[in-house]
**Student:** 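Shown below is the structure under consideration.
The basis for the numbers below is simple: all heavy atoms, side chains too, and nothing from hydrogens, waters or symmetry mates. Every value quoted in this text rests on a predicted model; they were computed, and no experiment measured them. Just so it is clear: chains get the letters A, B, ... in the order the sequence lines come, proteins before strands, and each one is counted from 1.
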Amino acid sequence: MNLDVFSDDMLMTKFCAGDAQAFELLYTRFERPLYRYVRRVLGAALEAQVDEVFQDTWMKLVDNRASWREREDASFKTWLFMLAHHRAVDVLRKGGREVSADEGWQDDESESPWQLWPASSADEPEQQAFWRKAGQQLLDCLDGLPALQRAAFLLHHEDGLGLDEMTRILDAEFETVKSRLRYALSKLRACMGAYLPPAIE
Amino acid sequence: MDMRDPHLEKALQHAPDRELQPQDELRQRVLAYAEDAAKPAKPAWLARLADCMRQWQVTPVQLGGMSSIAVALLVLLMVHEQRPQDSEWAHVAADTAVAQADALQKAAPAEAEIYTGDQNKLQAPTPSSVETATSPEAFTEHAMRQEAESEHKEDAATTDNTAPVAPSAEAPAGLPAEQMDEAAAEALTLEDAPATSNLRSEAKTKMEALAKYRNGDAVKEPDEAILKETLIARGGKAVAERDIQAGVLRLLSIEGPSGERCEEPIPQAPQIDADTGYSIEVLDVCVVPVALVDEVEAYNQTMRAHQRRSSQ
């Protein structure tokens, strides 16, 4: 049977019924996104614990699969990232990293330097080098953000989760999540502008 | 609500860690964990055992010790399984009876030859010593052999009275030795024929009785030898309880050797125990094993206790 046609939630349901192949396909689908998320949330300082958090997340999902049906309001993806986020926050706290700083940030979008960057939809070969450098710079900038703002930015931009789903994962009110995301964006914009010269004058 | 910044999103898509993935070992570990979990649940005791084994760091020395104990237990179990049970002992006794009958049948003409030739063969075959009978089977075999021998001796004695007698000191004077041997052989052969037939018939009867006993159709032992063997093997108390349950109420008595030699049992009138009113069965034993005495005592005690309980 070709399992590719099944949604994530259906695969998880099949796994709960004892289908190990369904889990393998789920793992394949989310292996890289989850690994990237954990690695980016933990940051460079806790890189050594990425594998541990990643593994613990999957194992916890397996162990708690019986409660999967109880979470009818959440998708598999939301549940998976919530487990990963909670485990990552535990590690961050134990590592002495700040996770609760939601300090304000005065955003002045009118002076954002990337307004002069190439359009985000542009995909010419000569611009690839620029975006790769921008990507590396963004990772450096993310390292400077408080963990919860970093998580909010990553969930929204990398994993495509909406604010409603993020409230479940981050276990916070809608407005709180929205504020964290706004702060994260402001800081990243400033950070990126300071390191990267505008590509287009 | 969408708050995505297209520039940052694009930069993120081009980040150098884009293609990073966990090592294959980590992947295998997670998948194996999920596969184990998806299997049907083990019984609780098996799961606990598996957990214990996982947590317990077993050293090679400990493993060796446990293996030795396991092997020893296995050997003990095998030895125990090979010990014949009561019913098997009865089976052995039955086989022995048949063998004895056959041997006697063959021995009759052979012994007739004895009288015609070698004087040394006139002596009865030396019975194997009961003291060497260490197992119930050996005890039974010896008892039955002894019984068969005594029967044959009786036949031989009868023959002695009627035949022209072996060439011994009592041989009538005047006849040539060769003629006398021929006459004795002829007389023995003639006289042994009905005796052998009787033995065969008795053996057959014994076999049938043993078969009934083995099948559970009869409770009472078909002969003394089996009763003695059963008493030693199962214990007097157990045999008495079995008999009580089957309605066989009796007491047992051991008749040992009188004097230095084992003598033929003298038939006696049935005896009745004055206290219980039960009949007394006499077990004739040439050499009395201590174990048999103890078990007969236990048997009688159990019977007497039953009688007391019944009369109250």
Side-chain angles (χ1 to χ4, degrees), chain A residues 15-24 26-28 31-32 34-36 39-40 50-51 54-55 58-59 61-63 65 112 114-115 117-122 128 130-139 141-142 153-154 156-158 160 162-164 174 178 181-182 185 188-189 192 196, chain B residues 1-67 69-70 74:
Chain A
F15 172 59
C16 291
D19 188 343
Q21 283 188 326
F23 179 86
E24 192 171 348
L26 274 176
Y27 180 88
T28 303
E31 181 183 44
R32 288 188 181 186
L34 187 75
Y35 193 72
R36 276 199 305 271
R39 190 171 185 274
R40 288 170 179 174
V50 172
D51 282 2
F54 177 81
Q55 176 180 299
W58 283 108
M59 289 184 172
L61 181 137
V62 170
D63 290 342
R65 64 190 183 284
S112 296
W114 60 77
Q115 287 180 348
W117 289 4
S120 60
S121 57
Q128 292 295 318
F130 172 85
W131 284 113
R132 276 196 295 274
K133 195 173 180 183
Q136 178 60 59
Q137 187 58 46
L138 180 59
L139 294 181
C141 293
L142 276 170
F153 171 80
L154 289 171
H156 196 54
H157 285 76
E158 168 70 26
L163 292 180
D164 287 335
F174 184 87
K178 194 174 160 186
L181 187 55
R182 194 166 57 242
L185 287 172
L188 288 174
R189 284 169 182 150
M192 294 295 281
L196 278 175
Chain B
M1 184 174 185
D2 193 349
M3 294 176 66
R4 290 184 185 85
D5 183 307
H7 291 89
L8 292 177
E9 192 171 26
K10 180 143 183 148
L12 200 57
Q13 286 170 2
H14 287 82
D17 66 352
R18 187 78 194 166
E19 298 305 317
L20 277 181
Q21 61 180 15
Q23 293 178 344
D24 194 50
E25 183 188 346
L26 180 56
R27 176 190 174 93
Q28 296 304 327
R29 207 155 49 225
V30 171
L31 291 178
Y33 188 81
E35 193 172 352
D36 277 352
K39 286 176 186 168
K42 297 175 188 169
W45 66 270
L46 198 58
R48 278 200 298 274
L49 181 66
D51 287 343
C52 287
M53 291 299 287
R54 266 200 299 273
Q55 290 168 8
W56 190 25
Q57 300 292 320
V58 182
T59 65
V61 175
Q62 289 171 323
L63 198 62
M66 286 191 291
S67 304
I69 292 169
L74 187 65

**Student:** What part of A/Leu34 is in contact with chain B, defined as an atom under 4.5 angstrom from a non-hydrogen atom: side chain, backbone, both or neither?
**Tutor:** neither
**Student:** Within a radius of less than 6.0 Å around CD of B/Gln28, do more than 12 heavy atoms belonging to other residues, nucleotides or ligands occur?
**Tutor:** yes
**Student:** Go through the atoms of B/Gln13 and report whether side chain, backbone, both or neither lie under 4.5 Å from a heavy atom of chain A.
**Tutor:** neither
**Student:** Compare all side-chain heavy atoms of A/Phe153 with those of B/Asp5 and state whether any distance is below 4.5 angstrom.
**Tutor:** no
**Student:** Quick one: CG on A/Leu138 to CG on B/Asp17, what's the gap to the nearest 0.5 Å?
**Tutor:** 9.5 Å
**Student:** Within the side chain of B/Arg18, is there an N or O that forms a donor-acceptor pair under 3.5 Å with the backbone of A/Arg36?
**Tutor:** no
**Student:** Does any non-hydrogen side-chain atom of B/Glu19 lie less than 4.5 Å from one of A/Arg32?
**Tutor:** yes
**Student:** Just verifying a value: how many Å separate A/Tyr35 OH and B/Gln23 CD, rounded to the nearest 0.5 Å?
**Tutor:** 7.0 Å
**Student:** Which heavy atom of B/Pro16 sits nearest to which heavy atom of A/Gly135, and what is that distance?
**Tutor:** CD-C, 4.0 Å
**Student:** Look at A/Glu24, A/Gln136, A/Met59, A/Arg132 and state which one has the largest set of heavy-atom pairs under 4.5 Å with chain B.
**Tutor:** A/Met59
**Student:** I'd like to verify something: which residue of B/Glu35, B/Arg29, B/Arg27 has the highest number of heavy-atom pairs under 4.5 Å with chain A?
**Tutor:** B/Arg27
**Student:** Distance from B/Leu26 atom CG to A/Gln55 atom CD, nearest 0.5 Å?
**Tutor:** 5.5 Å
**Student:** Measure from the side-chain N and O atoms of A/His156 to the backbone N and O of B/Met3, and report whether any donor-acceptor pair falls under 3.5 Å.
**Tutor:** yes
**Student:** When rounded to the nearest 0.5 angstrom, what distance separates NE2 in B/His7 from CG in A/Leu185?
**Tutor:** 13.0 Å
**Student:** Please enumerate all residues that pass side-chain hydrogen bond (donor to acceptor under 3.5 Å, both in side chains) together with A/Asp19, with sequence neighbours excluded.
**Tutor:** none
**Student:** Between A/Phe15 and B/Ala38, what is the shortest heavy-atom contact and its length?
**Tutor:** CE1-CB, 4.1 Å
**Student:** The criterion is side-chain hydrogen bond (donor to acceptor under 3.5 Å, both in side chains); which residues satisfy it with A/Asp63, sequence neighbours excluded?
**Tutor:** B/Tyr33
**Student:** Chain B: which of A/Leu61, A/Val62, A/Val50 shares the most heavy-atom pairs with it under 4.5 Å?
**Tutor:** A/Val62
**Student:** If we ignore hydrogens and angles and just use 3.5 Å, is the side chain of A/Arg65 paired with the main-chain N or O of B/Ala37 as donor and acceptor?
**Tutor:** yes
**Student:** Can you measure from CZ (B/Arg4) to CG (A/Leu181) and round to the nearest 0.5 angstrom?
**Tutor:** 9.5 Å
